[in-house]
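Have a look at the structure below, then the notes.
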Amino acid sequence: MTARFKDMASWRRLQAPDRQALEDLGKLYRVDLLPQAQASLGMATRIRCVRVSDEQMQVSDLIWCLGQDDQPLYTVETGHRLLRPGQALERLSAQEMSLASSHALALTLLYQLLAQTSQVLDRIDQGLSVSTLSLRGFLSNVGTDYSRGAEDMIDLDSHMATLHKPLSHVMHSIDDLEQAAQRLRRWVYQEKSLELSRVDELIAAIEGMQRRAHFVIERQRFHWRAAGESVAMSDLNVTKVFTVLWALLVPGTALINWYGQNFHVMPELSWEGTMWVQLVTVLVLTAVPIWTIKKSGALR
């Protein structure tokens, strides 16, 4: 006979939209369902849960209260429906774990929540891949006529910002799942209700997810730094252009200012070949700064 969720005595799946409803459920089942910041073993805790639904990320809190193995597991969904009983029953049956064990059920549900978090992290990783393509466009055009500046960073920066908040929720969720798994491990160690290696495998999977999330964070930071550096290089090229223009215009401007003073005594104006001497002087004074700047490598 196939087991059904409503036949399971090891799980009390509840829902409470607000604190008052949570208190009422606690009185009804005679258990404290209010999560504490420093909860001891057997007390209710809060797990931040994330999942992908209809191409959007949903964030909701799950109240988690796990006691001894012969006592039911209490879960209170405060927003979206997060848990999938049918999937949990299939996993319990596939791994030949007892349906009456709340610790076995807790292990299965934590795996389920971890898988949902992994899907969100996959979406964030895909979003970073899109940012990578935009960033490559920035870097490939640096130093060319198609270089882009800070105003072109708006789209890339806004896209990166939309990934920052989901990533912070993912990190929060992974930390909460790790704490719940550690509490489960202490219960299993005390009561020998499961093979301890099963819980250790869960903790190892969570730690692997943590390392992956940290890598995604570092990847996001790298993209931001690289985009900023590419814009800085593009702006530096603009500065180089103005430097060359300054070197070209200053000698001629100085000559015009000199002969625009209307001095009464300027004997060089009557000399033979004065115009050509002045033009050669301007060319020399123009070439020397440009040669100096190029020699220093500032035009590269």
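These numbers were taken from a predicted model, which means no experiment stands behind them.
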#### Entry: Pair Arg84-Gln116, side chain to side chain contact (heavy atoms under 4.5 Å, CB included): steps then yes or no
CA-CA 11 Å; Arg84 300 173 182 175; Gln116 294 178 6; 4.2 Å; yes

Taking all heavy atoms of [X] and all of [Y], pick out the closest pair and write down the distance.
X: Ala88; Y: Leu109; result: CB-CD2, 3.9 Å
X: Ile217; Y: Leu167; result: CG1-CD2, 3.4 Å
X: Gly79; Y: Gln15; result: O-NE2, 3.1 Å
X: Trp11; Y: Pro72; result: N-CB, 4.2 Å
X: His103; Y: Leu66; result: CD2-CD1, 3.8 Å
X: Ile63; Y: Leu33; result: CG2-O, 3.2 Å

### Query
What's the verdict on side chain to side chain donor-acceptor pair (under 3.5 Å) for Arg91 and Gln112, showing C-alpha distance, side-chain angles and the deciding distance?
CA-CA 10 Å; Arg91 187 181 180 93; Gln112 188 179 116; over 6 Å; no

Can you tell me how far [atom2] of [Y] sits from [atom1] of [X], rounded to the nearest 0.5 angstrom?
X: Gln87; Y: Tyr111; atom1: CD; atom2: OH; answer: 13.5 Å
X: Leu62; Y: Leu14; atom1: CG; atom2: CG; answer: 10.5 Å
X: Gln119; Y: Leu114; atom1: CD; atom2: CG; answer: 10.5 Å
X: Asp69; Y: Lys192; atom1: CG; atom2: NZ; answer: 12.5 Å
X: Ile47; Y: Leu110; atom1: CD1; atom2: CG; answer: 6.0 Å
X: Gln71; Y: Ser102; atom1: CD; atom2: OG; answer: 7.5 Å

Under 4.5 Å between any side-chain heavy atoms of [X] and [Y], yes or no?
X: Thr75; Y: Leu73; value: yes
X: Ser10; Y: Leu99; value: no
X: Arg183; Y: Arg186; value: yes
X: Thr45; Y: Gln179; value: no
X: Leu22; Y: Pro35; value: yes
X: Val59; Y: Arg48; value: yes
X: Lys165; Y: His169; value: yes
X: Met209; Y: Val170; value: no

### Query
Quick check: does any side chain N or O of Glu77 sit under 3.5 Å from a backbone N or O of Leu82, one acting as donor and the other as acceptor?
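Yes; at least one donor-acceptor contact below 3.5 Å.
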
### Query
Do the side chain of Asp61 and the main chain of Thr78 share a donor and acceptor less than 3.5 angstrom apart?
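No; zero donor-acceptor contacts below 3.5 Å.
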
### Query
Is there a donor-acceptor contact under 3.5 Å linking the side chains of Ser173 and Thr117?
yes

### Task
Walk me through it: do Arg123 and Met57 pass the test side chain to side chain contact (heavy atoms under 4.5 Å, CB included)?
CA-CA 9 Å; Arg123 293 301 180 92; Met57 188 187 77; over 6 Å; no

### Message
Do Leu121 and Leu202 sit in one hydrophobic cluster, given that two such residues count as connected whenever their side-chain heavy atoms are within less than 4.5 Å of each other, even indirectly?
### Response
yes

### Query
Under a 4.5 Å side-chain heavy-atom rule over Ile, Leu, Val, Met, Phe, Trp and Tyr, are Val52 and Leu177 clustered together?
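Yes, one cluster joins them.
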
### Query
Charged N to carboxylate O below 4.0 Å: is that the case for Lys27 and Asp32?
no

### Task
Please work out which of the three classes, parallel, tilted or perpendicular, describes the rings of Tyr29 and Tyr74, given edges at 30° and 60°.
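Judged by the thresholds at 30° and 60°, the geometry between Tyr74 and Tyr29 is perpendicular.
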
### Message
What verdict does the side chain to side chain contact (heavy atoms under 4.5 Å, CB included) test give for Arg81 and Ser60, after you've listed the backbone C-alpha separation in whole Å, the side-chain angles of each residue and the deciding distance to 0.1 Å?
### Response
CA-CA 9 Å; Arg81 304 290 281 184; Ser60 185; over 6 Å; no

### Query
For atom CD of Glu195, is the number of surrounding heavy atoms from other residues, nucleotides or ligands below 6.0 Å larger than 12?
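12 or below, so no.
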
### Query
Going through the distances and angles, do Leu196 and Arg185 end up as a side chain to side chain contact (heavy atoms under 4.5 Å, CB included)?
CA-CA 7 Å; Leu196 201 59; Arg185 190 184 191 282; 3.4 Å; yes

